[in-house]
Amino acid sequence: KTHDVEATFQRRFSSGFTLNANYTGLYQRDKLYYHNEFDADPSWRQSNTGVPHRFAATGIWELPFGRGRALFHSGVLNHILGGWQLAATYEWQPGPLLDWGNLFYTGDPNSINTGTRTLDQWFNTAGFERDPAKTPAAFQARVFPTRVDGVRGDTLNRLDTNIQRDFKIKESFTLQLRMDALNAMNRSQFENPNLDPTSTNFGRVTNNTSSTMRFLLFQVRLKF
């Protein structure tokens, strides 16, 4: 079951600036898993194939220097500053829902996502049975949901930028210089927290994902 809304904004401004932005709001539930292995029919649960909100934007700015632009139409500054173009891409969306094992829990599930989120305590760990001798056995029917509304992994919050310029060599030859800054804010993307109540790291985030930290890529291209 899916309900969604999508909005797109596109605008080409004066002075060589272009902006494209997209927002998607999504509510999705899937009936594709069995709450217990002996259940006759699959159960509904919140989907992890989409996120409730996603925002993405792309902007391009042709700097106002050089021939055909507002400033420095000729001379040394035209050769140095003319023809450069800046671009950026931004993405934001909540992280995935956490997938829980079968646990004993005596608190209010709505309180799991309360409190200040830190790497040492990603969610409220109070109310979970931590004694290994008292946790559910393999044959125990599930008494805890596989996913809890709002309890998610780390948010995606990423900015990529680039700057480039084309140099006309001959009519059919163009030399392009380009630098890309991937993950320009150098933001760490964290793994999901530990979900084993018997672990001393329960509720803690102990690793980064394999996503790229800030990475500078320099390119020279000859186009013909």
Worksheet item: What is the distance from atom CZ of Arg147 to atom CG of Leu97, rounded to the nearest 0.5 Å?
Response: 6.0 Å
Fill in: Distance-only side-chain donor-acceptor flag, Thr18 / Arg12, under 3.5 Å
yes
Worksheet item: Hey, are Ser199 and Asn201 close enough side-chain-wise for a donor-acceptor pair under 3.5 Å?
Response: no
Practice prompt. Go through the side-chain N and O atoms of Gln28 and Ser47 and say whether any donor and acceptor fall under 3.5 Å apart.
Written response: yes
Discussion item. Do the side chains of Arg45 and Asp30 get close enough for a salt bridge, i.e. N-O under 4.0 angstrom?
Written reply: no
Worksheet entry | Verdict with supporting geometry, Leu86 and Ile60, side chain to side chain contact (heavy atoms under 4.5 Å, CB included) | CA-CA 6 Å; Leu86 297 175; Ile60 300 175; over 6 Å; no
Practice prompt. Mind checking the CH2-CZ spacing from Trp61 to Phe17? Nearest 0.5 Å is all I need.
Written response: 9.0 Å
Worksheet item: Mind checking whether Phe123 and Phe202 have ring centres under 6.0 Å apart?
Response: yes
Worksheet item: Will you find, in the side chains of Gln176 and Arg178, an N or O donor that is under 3.5 Å from an N or O acceptor?
Response: no
Item to complete: Mark yes when over 12 heavy atoms from residues, nucleotides or ligands other than Phe9 sit less than 6.0 Å from its CZ; otherwise mark no.
Response: yes
Worksheet item: Should the pair Arg117-Asp154 be classified as a salt bridge under the 4.0 Å nitrogen-to-oxygen rule?
Response: no
Fill in: Exceeds 12 heavy-atom contacts within 6.0 angstrom, atom CZ of Phe139
no
Item to complete: Would you please say whether a donor-acceptor pair under 3.5 Å links the side chains of Asn157 and Tyr90?
Response: yes
Discussion item. Before we go on, tell me: are the rings of Phe144 and Tyr105 under 6.0 Å apart, centre to centre?
Written reply: yes
Practice prompt. Assign the ring pair His35 / Tyr33 to parallel, tilted or perpendicular, where the plane angle (0 to 90°) is split at 30° and 60°.
Written response: perpendicular
Practice prompt. Go through Glu191 and Thr206 one step at a time and tell me if the side chain to side chain contact (heavy atoms under 4.5 Å, CB included) criterion holds.
Written response: CA-CA 7 Å; Glu191 289 276 12; Thr206 58; over 6 Å; no
Discussion item. For a side chain to side chain contact (heavy atoms under 4.5 Å, CB included) check, start with the C-alpha distance between Lys1 and Trp44, then their side-chain angles and the critical distance, and finish with the verdict.
Written reply: CA-CA 9 Å; Lys1 294 181 179 179; Trp44 289 99; 3.5 Å; yes
Worksheet, complete the sentence: Output for pair (Arg130 CZ, Thr198 OG1), nearest 0.5 Å, gives 8.0 Å
Worksheet item: Can Glu6 and Asn22 be counted as having a side-chain donor-acceptor contact under 3.5 angstrom?
Response: no
